[in-house]
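Working notes, structure below.
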Number of protein chains: 2
Amino acid sequence: MTMRAATITTNTDQSVAVANQLRPVLLHLNRHLRREAQTQGISAGQISLLASIESHRGTGVKELADREGMAAPSVCTAVDRLQAAGYVTRERESTGDRRRVGLATTPQGSALLRRVRSRRTAWLAERLQALTDEERASIAAAVDALSALVTQR
Amino acid sequence: MTMRAATITTNTDQSVAVANQLRPVLLHLNRHLRREAQTQGISAGQISLLASIESHRGTGVKELADREGMAAPSVCTAVDRLQAAGYVTRERESTGDRRRVGLATTPQGSALLRRVRSRRTAWLAERLQALTDEERASIAAAVDALSALVTQR
DNA sequence: TTCATTAGTTAGCATATATAATCATCTCGA
DNA sequence: TCGAGATGATTATATATGCTAACTAATGAA
């Protein structure tokens with residue numbers, strides 16, 4: 001196999017090139033996804049917390065903070081607001097470690113989460129619809145790899 | 001061509017399925033991209049404004065607000081901070097419409113922007129590197145379609 | 001049993017972003 | 001051409017977000 005220096009493309013080079021194209025796209029798509037939350041009267045950050053509480057029913061404030069990469073006091077006040085809005089419940093542990101509180105979504109919280117997810121999915125699906133079959137197929141073929149991107153380690 | 005109802009997959013169904021897989025991945029990737037800005041001592045929002053000013057040298061506050069989907073006063077105070085930090089300049093229009101101000105990045109602002117972009121690209125590229133060749137190829141093949149997703153209309 | 005650690009919270013601060021109000025300038029129609 | 005309404009920027013004010021530091025209560029280990 002012969003390669004001229006000028007046309008060598010290493011995995012690293014390709015990764016950087018793809019990363020450079022991917023970066024603005026990710027940022028742009030996300031701006032819209034964040035906005036879809038706001039049309040439902042909640043911020044993207046609150047939805048992210050709500051989702052994490054839903055998928056880890058009974059989680060504590062510290063645990064949640066670590067999972068979300070936030071400081072515990074920030075989560076504490078955010079949960080205050082979610083609770084005041086009727087989206088989550090806080091229940092002090094009675095058996096076991098009585099310092100902990102258990103967080104859980106209310107039916108209203110779960111419903112809001114479903115609504116936001118559905119709006120976001122709809123927004124994305126609408127845009128996917130407007131692509132050519134080939135374009136859509138290429139994205140469908142890449143979805144698993146993209147998922148691997150975030151679950152690796 | 002025969003199709004059993006249970007296995008029919010329309011473009012719409014496929015789009016929704018892909019959208020559903022894509023949604024959490026986009027949100028997750030973005031959380032990290034936002035964080036890379038913060039390691040450089042600036043918020044993701046400020047970087048977004050800075051980028052928009054850089055690519056539209058001389059833009060006004062209202063124009064910028066519309067482009068970013070923000071309210072003009074929000075942009076105004078954000079620009080206050082960017083200016084105080086030495087990243088942008090505000091220059092009142094002397095010829096033409098004297099209500100307008102022209103915004104532009106300083107060399108320090110451009111340097112910061114390059115730094116954040118480079119960190120974000122590096123973070124993404126590092127993760128792409130850890131994929132298999134096939135996975136990486138599938139993402140590379142989808143990048144143009146993903147770009148089309150945000151530039152359509 | 002006492003003391004360091006841990007979970008949750010409160011206090012105080014900076015940032016972010018919104019709406020309403022204000023000021024200056026511009027534009028257009030009578 | 002001039003005055004009324006529109007427009008760009010800003011200020012004032014309020015709320016949400018997120019941080020560190022300090023505090024409280026409960027745990028657990030020497």
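Scope of the values below: all heavy atoms of this structure, side chains included, with no hydrogens, waters or symmetry mates. Letters A, B, ... are given to chains in the order of the sequence lines, protein chains preceding strands, and every chain is numbered from 1.
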Without decimals, in angstroms, what is the distance between [X] [atom1] and [N] [atom2]?
{"X": "Arg90(B)", "N": "dA9(D)", "atom1": "CZ", "atom2": "P", "value": "9 Å"}
{"X": "Gln38(B)", "N": "dT15(C)", "atom1": "CD", "atom2": "C1'", "value": "11 Å"}
{"X": "Glu91(B)", "N": "dA9(D)", "atom1": "CD", "atom2": "P", "value": "14 Å"}
{"X": "Glu63(A)", "N": "dT9(C)", "atom1": "CD", "atom2": "P", "value": "14 Å"}
{"X": "Asp80(B)", "N": "dA9(D)", "atom1": "CG", "atom2": "P", "value": "13 Å"}
{"X": "Tyr87(B)", "N": "dT15(C)", "atom1": "OH", "atom2": "P", "value": "12 Å"}
{"X": "Arg31(A)", "N": "dT17(C)", "atom1": "CZ", "atom2": "P", "value": "11 Å"}
{"X": "Glu93(A)", "N": "dA25(D)", "atom1": "CD", "atom2": "C1'", "value": "15 Å"}

Residue [X], side-chain atoms from C-beta onward, closest of [options]:
{"X": "Lys62(B)", "options": "dG8(D), dG8(C), dT10(D)", "value": "dG8(D)"}
{"X": "Met70(A)", "options": "dA9(D), dG18(D), dT10(C)", "value": "dG18(D)"}
{"X": "Arg100(B)", "options": "dA9(D), dT19(C), dA16(C)", "value": "dA9(D)"}
{"X": "Asp97(B)", "options": "dC26(C), dA26(D), dT11(D)", "value": "dC26(C)"}

**Prompt:** Is there a donor-acceptor contact under 3.5 Å linking the side chains of Ser147(A) and Gln21(B)?
**Reply:** no
**Asked** Can a donor-acceptor pair be found between the side chains of Arg57(B) and Thr105(B) at a distance below 3.5 Å?
**Response** yes
**Asked** Does Ser74(B) get its side chain close enough to the base of dA18(C), under 3.5 Å, for a donor-acceptor pair?
**Response** yes
**Request:** Test for a donor-acceptor pair under 3.5 Å between the base of dT7(D) and the side chain of Arg99(B), counting only N and O atoms.
**Result:** yes
**Message:** Minimum heavy-atom separation for Ala37(A) and Ile47(A), please, with both atom names.
**Reply:** CB-CG1, 4.2 Å
**Item:** Nearest heavy atoms of Glu36(B) and Arg120(B), plus distance in Å
**Value:** CB-CG, 3.8 Å
**Prompt:** Knowing that exactly one of Glu63(A), His56(A), Lys62(A) qualifies, which makes a side-chain hydrogen bond (donor to acceptor under 3.5 Å, both in side chains) with Thr59(A)?
**Reply:** Glu63(A)
Within the structure, does a side-chain N or O atom of [X] lie under 4.0 Å from either OP1 or OP2 of [N]?
{"X": "Gln46(A)", "N": "dT17(D)", "value": "yes"}
{"X": "Arg98(A)", "N": "dT27(D)", "value": "yes"}
{"X": "Thr77(B)", "N": "dT17(C)", "value": "no"}

**Prompt:** Base, sugar-phosphate alone, or nothing: which one does Arg81(A) contact when heavy atoms must sit under 4.0 Å apart?
**Reply:** base
**Request:** Look at all strands and tell whether Gly102(A) reaches a base, only sugar-phosphate, or nothing, counting heavy atoms closer than 4.0 Å.
**Result:** nothing
**Asked** Where each residue is assigned the nucleotide of DNA chain C containing its nearest heavy atom, which of Gly45(B) and Cys76(A) is assigned the position nearer the 5′ end?
**Response** Cys76(A)
